[in-house]
Amino acid sequence: MMEPSLPRLLALTGFHFTKVGETINFHGRRSAYYIDKQKAESGLKKTLLPLYLHIQQTLAPQLEEMLAQEASISLTM
């Protein structure tokens, strides 16, 4: 859920979101938007690539840990 102006601003960096819902009033005007990972990565401006890779490398261990915890919970059920 984003304000209508945020997807326009993010488009300047190469992130082109698709609006998937009507605008509602939720802490101001908000709409639901969607972007898939491949579309986001392919549209990303080259100047932002180092930042994106740093964020991805920083968060990867956390994601792996979370997925491992979910897998172990699933096995115990």
Side-chain angles (χ1 to χ4, degrees):
M1 299 297 288
M2 295 187 271
E3 291 183 27
S5 60
L6 185 56
R8 288 192 299 269
L9 291 172
L10 290 171
L12 298 174
T13 65
F15 291 110
H16 299 281
F17 288 84
T18 303
K19 186 176 176 183
V20 294
E22 297 295 320
T23 301
I24 63 170
N25 189 11
F26 180 73
H27 301 287
R29 296 180 63 222
R30 303 282 188 267
S31 298
Y33 291 87
Y34 171 80
I35 190 170
D36 66 40
K37 183 177 185 251
Q38 290 177 332
K39 185 176 178 182
E41 289 175 342
S42 67
L44 184 65
K45 292 202 174 202
K46 301 299 180 212
T47 56
L48 292 175
L49 187 58
L51 174 62
Y52 174 77
L53 292 174
H54 174 74
I55 292 169
Q56 190 177 45
Q57 290 169 354
T58 301
L59 295 179
Q62 294 175 37
L63 177 60
E64 290 172 12
E65 182 180 334
M66 182 186 72
L67 293 174
Q69 288 175 355
E70 287 183 9
S72 67
I73 290 171
S74 295
L75 293 175
T76 60
M77 293 183 145

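Bear in mind that the values here come from a model prediction, so they are computed numbers and not experimental data.
The same ILVMFWY cluster, assembled from side-chain heavy atoms under 4.5 Å apart, contains both L59 and L51. One hydrophobic cluster, built from ILVMFWY side chains closer than 4.5 Å, cannot hold both I35 and V20; they sit in different ones. Under the 4.5 Å side-chain heavy-atom criterion for grouping Ile, Leu, Val, Met, Phe, Trp and Tyr, L9 is not connected to M1 through any hydrophobic cluster.
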Which pairs would a plain distance check flag for residues 21-32, meaning a side-chain donor or acceptor within less than 3.5 Å of a matching protein atom at least two apart in sequence or in another chain?
from, atom 1, to, atom 2, distance (Å)
T23, OG1, K19, NZ, 3.2
T23, OG1, S31, OG, 2.7
N25, OD1, G28, N, 3.4
R30, NH1, H27, O, 3.3
R30, NH2, H27, O, 2.8

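Taking both residues in full, the closest heavy atoms of K45 and L12 are given as CE-O, 2.8 Å, listed atom of the first, atom of the second, then distance. Taking both residues in full, the closest heavy atoms of P4 and R8 are given as O-NH1, 3.4 Å, listed atom of the first, atom of the second, then distance.
At a threshold of 4.5 Å between non-hydrogen side-chain atoms, the residues L44 and E41 do not count as touching.
Rounding to the nearest 0.5 Å gives a distance of 14.0 Å between NE2 of H16 and OH of Y33.
In this structure, Q38 places its CD atom where only 12 or fewer heavy-atom neighbours from other residues, nucleotides or ligands lie under 6.0 Å away.
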